[in-house]
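All remarks here apply to the structure that follows.
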Amino acid sequence: MPKRPRQGGMISLDSETTGLDLRHGARPYYVSTCDEDGCNVSWEWRVDPLTRRVVADRGDLKDLQRKIDGADKIVLQNPKFDFMALSLLFNDYSMELRWDWAKIYDTLLAGHLLASNQPHDLTTMAMVYLQANVQPYEDRLRKVTLAARSWARTNRPDWRQAKEGLPEMPSAKSTVWKYDCWMPRLVHEEGGGDETWETVLSEYGDSDASVTLPLFKRQQQILKQKHLWRIYEERLKVLPVVAAIENYGVTLHAGRLEEKRTEYAEASQDAHRTCLNIAKRYGYELTLPKSGNNKSLTEFVFSEEGMHLPPLKKSKKTGVPSLDKTVLEQYSVTLPRNSKPLMFVTALMGKRKRDTAYGYLESYKKFWVHTEHRDRVWYRLHPSLNPTGTDTLRWSSQNPNEQNISKKEGFNLRYCFGPAPGRVWYSCDAKNLELRFPAYEANEPEMVYLFEHPNDPPYYGSYHMLIFDTLHPKLFAKHGMESKEAYASTWYQWTKNGDFAVQYGAVLESGTADRAYHVPGAQARIQSRFNRIKKLNAQQIAYAEKYGYVETMPDKTVDPDHGYPLWCGRTSYGRIMPTVPLNYHVSGTACWWMMKGMIRCHNYLQDVGDDYHIVMQIHDEQVFDFPDDEATNKPIIEQCMKLMAQGGDDLGVPTPVSCTKHSTTWSTGS
DNA sequence: CGATGTAGCACC
DNA sequence: AAACGGTGCTACATCG
């Protein structure tokens, strides 16, 4: 007896799309649902092989909407993507997808919460949590799709097969068959393949939907057992926030981008010529790489055929001499003035930096889409933001990455980004977030005093100055707060470098931090002055050794007893790396804080109006895009700052937030 | 020839 | 054994 679909209850939903680049036309063409009896209901739409456009059916979409409306709960693997894809498809047919986030569950968020450093793809999780193997369905689909592509290449050369470099799929890399899984059915209709080609897609799609629901039920059971359910429910709140951020995107100015792109291209070419000319004087026919190294370059730099420079650092894995930024900097301060090698090194450093910047700008052009502004000057990027993209609670960003946009002097790509006409940006960031958490948690008195008294001597809230004084008391006695300017490129800069090394977990024995500080024994001196943080570090390491994970600081409003577990991983000898636990604990807490701020700001801005948006998150910084109206905005942005700072109350640590307004460009100081 | 690994570099 | 944590992206080099 065939099963009849149930009404209500919990269902799972999974869709297959013609690509990942929804803003460039990718759409779902197969949607499968599965209910608690294991009964699949699915829809399949034709893909126009010449244009790759999905030809859906309004009746089907209404059907699907009824299915969505009728369910009490819907489980998806990464619902953000399906939601956005379906919204756009509905939009193509002048319909609006109704979607209630309150009834959505996500197996991806659950997977990260249960095992932050394990794979979270559906196939792996089905195996781990259900001992169910859906890989054969995928293998079969792959095989048949590749065959269908091959048939079409010969018999239907005008079909638009997925491949790297097509403008409608800027994110496509080498593996693209996944975007052509609509092809087997169509090929069979046209006389190729066999009848199994009609069902190979639905068997795959239905198997994914069928496994998603029991997977979630199992995850839910474990989350409850481990007392993580409250944290899970809090995490679910990020889904609509992420969808809204991705949907709105971020604006950039084509003219400013072109200006920078030309500047870097020309300077890079100059540097290129300089390098080749110098090589020529050694009688060496140099071929420079587009980025990084190639054989020609390393041979010229290190061998006797060329400049024969001494190797300063070797690759960890391969042992080849390194020619990275730090090595080039070393050469640039040690090689004789006016020497050919110095000129070469200087030119190469300049070329590399410009090539990197140029490459980023090119990638923005690949991904950008026109905005509603008809002047074709303002474009928009829609990077995807992944809250489970890291082993900690950091979010990752891709296609393109919005979290590595340079703000270096001379390479300030933030200049290209900014508010479109009639808009204004506000950039809010937490002050010393990752330094505050350990200071308060360990109750390190001098540091707490520093953070509590930002306007008082001796350090006026400056953490780096406190450390500077610890390492260079005589210099600080002489110059006070002006040490920052007096030693801007030496002792003060080195203090900052060392502080970051310590913050990111440098262990005393390695001497890494001491080298960064340029002060032998520096880290030991700092640890003896701030021994409570040293103790906190030891506690976190011991905890991780025992349990395999550390927890973020508990959020009183969610679960006063437990934070988010972050698994630390072990070496092949079964030990936790001592550099990891405190770092994960602190950085994870900072990211939890940011997540709380984003949820609060998003919900608040929704109430304010429909034109107030979060546009970016760069770990401890949040960027907002508002209508350009100073008087109206003032209380709104102040409330956003308050809502961000409220995350500190949840954790028991004061976390003040600062804000910068950007009227024309995201770059500061211009 | 495609897949995979590595180096280098941008951000926090 | 490793000792500075987490990412994404590009080009180069090598593997199968």
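Per chain, numbering begins at 1; letters A, B, ... match sequence-line order. The model shown is predicted, which means the values in this text are computed figures rather than measured ones.
Between the CG atom of A:N537 and the P atom of C:dC4 there is a distance of 12 Å, rounded to whole Å. One atom, CD of A:Q540, and another, P of C:dA3, lie 21 Å apart when rounded to the nearest Å. What separates OH of A:Y364 from C1' of C:dC9 is a distance of 10 Å, to the nearest Å. The distance between atom CG of A:L435 and atom P of C:dG5, rounded to the nearest whole Å, is 17 Å. Taking atom CZ on A:R575 and atom P on C:dA1, their separation rounds to 14 Å, with Å as the unit. Remark: P of C:dG5 and CG of A:N117 are 15 Å apart, rounded to the nearest angstrom. The CD atom of A:E545 sits 16 Å away from the P atom of C:dA2 (whole-angstrom rounding). Atom CH2 of A:W567 and atom P of C:dG6 are 17 Å apart (whole Å).
A:T655 and A:W593 are linked by a side-chain donor-acceptor pair at a separation below 3.5 angstrom, with hydrogens and angles left out of the test. If you check the side chains of A:D555 and A:W592, you find a donor sitting under 3.5 Å from an acceptor.
The side chain of A:T392 approaches C:dG6 more closely than any other nucleotide in the set C:dG6, C:dT14, C:dC4. Side-chain atoms of A:S396 lie closest to C:dT7 of the nucleotides C:dT7, C:dA11, C:dC9.
Contact annotation for A:G359: no contact, since no heavy-atom pair falls under 4.0 Å across all strands. When heavy atoms are screened at a 4.0 angstrom cut-off, A:D355 is found touching no nucleic acid atom at all. Note on A:E509: nothing from the nucleic acid sits closer than 4.0 angstrom, heavy atoms only.
Comparing the P positions of C:dA1 and B:dC9 gives an interatomic distance of 30 Å, to the nearest angstrom. Between C:dA3 and B:dA7, the two P atoms lie 14 Å apart (nearest whole Å). C:dC4 sits 23 Å from C:dG8 when the P atoms are compared, rounded to a whole Å.
Of the candidates A:L433, A:L393, A:T552, A:L393 is the only one forming a side chain to side chain contact (heavy atoms under 4.5 Å, CB included) with A:C591.
In this structure, A:D514 and A:G521 approach most closely via the heavy-atom pair OD2-N, 3.2 Å.
Looking at which nucleotide of DNA chain C each of A:A506 and A:K173 is closest to, the 5′-most match is held by A:A506.
Taking the ring axis of A:Y264 as reference, the NZ or CZ atom of A:R354 does not stay both within 45° of it and closer than 6.0 Å to the ring centre.
For A:R380 and A:E246, the salt-bridge test fails: no basic side-chain N is under 4.0 Å from an acidic carboxylate O.
The shortest distance between the side-chain N/O atoms of A:N386 and the OP1/OP2 oxygens of C:dG8 is not below 4.0 Å. Taking side-chain N and O atoms only, A:T579 has no distance below 4.0 Å to OP1 or OP2 of C:dA3.
For A:Y379 and A:Y364, the gap between ring centers reaches or exceeds 6.0 Å. Taking the centre of each ring, A:F344 and A:F300 come in below the 6.0 Å mark.
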- Message: I need a per-nucleotide contact map over nucleotides 6-12 of chain B, read 5' to 3'. Cutoff is protein heavy atoms under 4.0 Å; write B for the base, S for backbone only, - otherwise.
- Response: SSSSBSB

